[in-house]
Amino acid sequence: MRFAIIPGDGIGKEVTAEAVKVLAAVERTFGRRFEYEHLPWSADHFLQTGVTIPSNGYDHLRTFDAIFIGALGDPRVPDNRHARDILLGTRFELDLYVNYRPIKLLDERLCPLKGRTPHDVNFTVFRENTEGLYVSIGGRFKAGTDDEIAIQEELNTYKGVHRIVRYAFEFAKTHGLTKVCMADKSNAMTDGHALWQRVFRQLATEYSGIDATHYYIDALAMYMVLDPGQFQVIVTNNLFGDIITDLGATFQGGLGMAASGNIHPGKTSMFEPVHGSAPKFAGKNIANPIGAISSAALMLETLGLHPEAAAIEAAVLKAVRERQVTHDAGGTLGTREAGDFIAAAVTR
Ligand SMILES: NC(=O)c1ccc[n+]([C@@H]2O[C@H](COP(=O)([O-])OP(=O)(O)OC[C@H]3O[C@@H](n4cnc5c(N)ncnc54)[C@H](O)[C@@H]3O)[C@@H](O)[C@H]2O)c1
């Protein structure tokens with residue numbers, strides 16, 4: 001297996017080092033050989049060279065079995081153009097239409113919701129990852145004046161909606177799950193989200209064993225807090241998925257705990273923690289590496305290395321239960337020490 005590693009900015013660099021440390025433990029434990037190519041694409045690299053991603057960058061990424069990204073974002077690049085090219089660019093250019101975000105509580109103590117246990121918080125959000133409001137269609141007229149007009153369009157295509165909704169139903173079916181909930185705002189966004197309604201209803205008829213339900217996104221946010229146990233699979237658009245998975249991350253113990261995959265089935269996919277570069281935390285050895293390490297587990301799982309992925313998940317669970325974790329997760333360890341514990345806990 002060959003992996004492209006893009007540590008990126010801020011704490012991205014620190015948590016990526018821990019994820020690679022744990023992958024190395026998997027190599028030793030399972031007698032596997034992974035190759036890593038570290039790519040320097042980041043704010044530092046952009047500020048030094050003026051290049052966000054080289055002209056053959058996306059083609060180069062396609063040559064790997066998977067891509068791992070730490071985080072991108074740096075106050076020295078106020079428009080975050082490097083992040084747009086490296087992160088959003090990779091999602092769009094490699095057509096990584098599935099944003100896969102498990103919301104799984106590992107330990108009751110980490111959940112801010114009263115009385116909720118791991119049994120109540122265990123669902124998966126599939127966020128459409130290549131369309132919606134993030135396609136940069138729009139512009140500003142008379143920018144900077146009192147007459148400014150700002151327009152940003154939301155793109156919804158039949159193909160785009162159909163493939164993410166299909167993926168959510170297929171995931172439920174292959175994982176023995178019985179519920180898929182679609183969330184939109186079709187009461188107010190009566191054109192774009194009518195398409196989501198039509199596709200969801202159409203596909204639901206093909207999955208008779210699955211209870212297909214719908215919530216408007218505002219109600220969904222409320223029910224996630226009030227009764228998270230009712231959800232198994234949620235499918236939604238790019239913007240709403242972005243927002244509700246940060247909410248979901250808090251159920252898991254915070255942004256430092258949450259993992260994600262950006263997937264195009266059968267093609268090179270990209271894995272990253274949900275959090276950003278947290279510039280205030282950078283260089284202090286305090287960032288929680290679990291989101292990154294769990295993203296490495298998702299990467300191996302997606303590549304079919306199931307025992308290896310399970311070994312990482314078990315090691316993370318042990319760290320959380322024994323409080324061998326960073327402060328945000330109730331421990332006293334630094335980023336590197338938390339990574340050391342998890343790497344040492346990886347066993348067959
Ligand atoms: N996928 C990405 O690369 C990504 C995602 C979100 C934000 N960003 C970028 O990151 C920069 C900072 O954004 P932000 O502050 O809104 O979000 P952020 O996720 O970087 O941090 C928000 C807060 O969450 C907590 N947090 C995040 N990661 C943590 C970790 N590993 N361990 C412990 N606590 C953690 C911290 O309290 C932090 O202040 C911005 O430039 C933003 O554009 C990048």
Side-chain angles (χ1 to χ4, degrees), residues 5-19 22 39 41-47 52-53 67-92 96 99-101 106 110 112 125 127 129 134 136 238-239 241-263 269-296 298-299 316 319-320 323-339 342:
I5 307 288
I6 306 175
D9 303 324
I11 63 166
K13 294 181 190 154
E14 295 164 65
V15 298
T16 299
E18 301 316 308
V22 172
L39 300 167
W41 308 337
S42 61
D44 281 339
H45 182 257
F46 170 63
L47 292 168
T52 56
I53 181 164
I67 305 155
F68 187 93
I69 293 192
L72 289 151
D74 188 307
R76 293 171 300 161
V77 187
D79 63 3
N80 259 337
R81 81 176 68 168
H82 69 298
R84 196 177 56 229
D85 286 357
I86 299 163
L87 191 65
L88 288 182
T90 300
R91 287 178 182 165
F92 291 141
L96 306 177
N99 196 317
Y100 169 30
R101 296 190 166 187
L106 297 181
L110 293 177
V125 177
R127 161 188 170 190
N129 213 25
Y134 289 24
S136 295
N238 208 338
L239 176 71
D242 196 356
I243 297 168
I244 63 163
T245 52
D246 268 27
L247 175 62
T250 67
F251 301 174
Q252 297 170 268
L255 274 174
M257 299 292 294
S260 80
N262 300 260
I263 297 170
S269 296
M270 185 245 285
F271 299 84
E272 50 165 348
V274 170
H275 64 76
S277 57
K280 279 187 298 195
F281 284 30
K284 296 182 177 157
N285 195 39
I286 56 176
N288 186 344
I290 287 181
I293 291 168
S294 301
S295 300
L298 284 189
M299 179 168 83
V316 167
V320 169
R323 296 208 189 198
Q324 298 298 313
V325 288
T326 47
H327 285 267
D328 58 296
T332 56
L333 300 185
T335 309
R336 286 188 292 276
E337 293 70 29
I342 294 170

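Bear in mind the structure is a predicted one, so any value in this text is a computation, not a measurement. When a ligand or atom number is given, it counts from 1 through the structure's own listing order. For the numbers below, each heavy atom of this structure counts, side chains included, while hydrogens, waters and symmetry mates do not.
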Exercise. Looking only at protein heavy atoms, which one is nearest to atom 27 (C) of ligand 1, and how far off is it?
Worked result: His275 CB, 3.6 Å

Exercise. N/O of Ala278 under 3.5 Å from N/O of ligand 1, yes or no?
Worked result: yes

For this session: Answer with side chain, backbone, both or neither: which part of Thr326 has a heavy atom less than 4.0 angstrom from an atom of ligand 1?
Result: neither

For this session: Could you list the atoms of ligand 1 found under 4.0 angstrom from a heavy atom of Gly73?
Result: 41 (O)

Exercise. When you look at Thr326 and Asp328, which way does the side-chain hydrogen bond (donor to acceptor under 3.5 Å, both in side chains) test go after all the steps?
Worked result: CA-CA 6 Å; Thr326 47; Asp328 58 296; 2.6 Å; yes

For this session: Might you work through the side chain to side chain contact (heavy atoms under 4.5 Å, CB included) test for Met257 and Leu106, ending with a clear yes or no?
Result: CA-CA 9 Å; Met257 299 292 294; Leu106 297 181; 4.2 Å; yes

For this session: Mind checking the CD1-CG spacing from Ile6 to Leu87? Nearest 0.5 Å is all I need.
Result: 9.0 Å

Exercise. What protein heavy atom sits nearest atom 10 (O) of ligand 1, and how far away is it?
Worked result: Ser277 N, 3.1 Å

Problem set entry | Any Gly254 heavy atom less than 4.0 Å to ligand 1 | no

Problem set entry | Distance-only polar pair, side chains of Asp9 and His82, donor-acceptor under 3.5 Å | yes

Exercise. Which of the atoms of ligand 1 are close to Asp328, meaning less than 4.0 Å from one of its heavy atoms?
Worked result: 33 (C)

Seminar exercise, completed: Ranked by distance from atom 3 (O) of ligand 1, the top protein heavy atom is Leu72 N, 2.9 Å

Exercise. Quick one: does Asn288 get an N or O within less than 3.5 Å of an N or O on ligand 1?
Worked result: yes

Exercise. What atoms of ligand 1 come within less than 4.0 Å of a heavy atom belonging to Ala287?
Worked result: 31 (N), 32 (N)

For this session: Note the single closest protein heavy atom to atom 43 (O) of ligand 1, along with its residue, its atom name and the distance in Å.
Result: Asn80 ND2, 3.2 Å

Exercise. Say you draw a straight line from CD1 of Ile5 to CH2 of Trp41; how long is it, rounded to the nearest 0.5 Å?
Worked result: 12.0 Å

Exercise. What residue and heavy atom of the protein are closest to atom 39 (O) of ligand 1, and at what distance?
Worked result: Phe281 CE1, 4.1 Å

For this session: May I ask you to check whether over 12 heavy atoms, not counting those of Arg336, lie within 6.0 Å of atom CZ?
Result: no

Problem set entry | Protein residue, atom and distance nearest to atom 1 (N) of ligand 1, heavy-atom basis | Glu272 OE1, 3.2 Å

Seminar exercise, completed: When distances are taken from atom 2 (C) of ligand 1, the protein heavy atom at minimum range is Leu87 CD2, 3.6 Å

Problem set entry | Part of Val274 within contact of ligand 1 (heavy atoms, under 4.0 Å) | backbone

For this session: Pick one of side chain, backbone, both or neither for how Pro279 approaches ligand 1, counting any non-hydrogen atom pair under 4.0 Å.
Result: side chain

For this session: Heavy-atom distances under 4.0 Å are what count here, so tell me which part of Ile69 touches ligand 1: side chain, backbone, both or neither.
Result: neither

Exercise. Picking from Asn129, Asp242, Asn238, what satisfies side chain to side chain donor-acceptor pair (under 3.5 Å) with Tyr134?
Worked result: Asp242

Exercise. Among Ile69, Ile67, Asn262, Ile263, which residue meets the side-chain contact (heavy atoms from CB on, under 4.5 Å) test with Phe271?
Worked result: Ile263

For this session: Answer yes or no: does an N/O atom from Gly256 fall short of 3.5 Å to an N/O atom of ligand 1?
Result: no

For this session: Determine, considering heavy atoms only, which of Ala338, Ser260, Gly276 sits nearest to atom 17 (O) of ligand 1.
Result: Gly276

Problem set entry | Distance from atom 26 (N) of ligand 1 to nearest protein heavy atom, with residue and atom | Leu255 CB, 4.1 Å

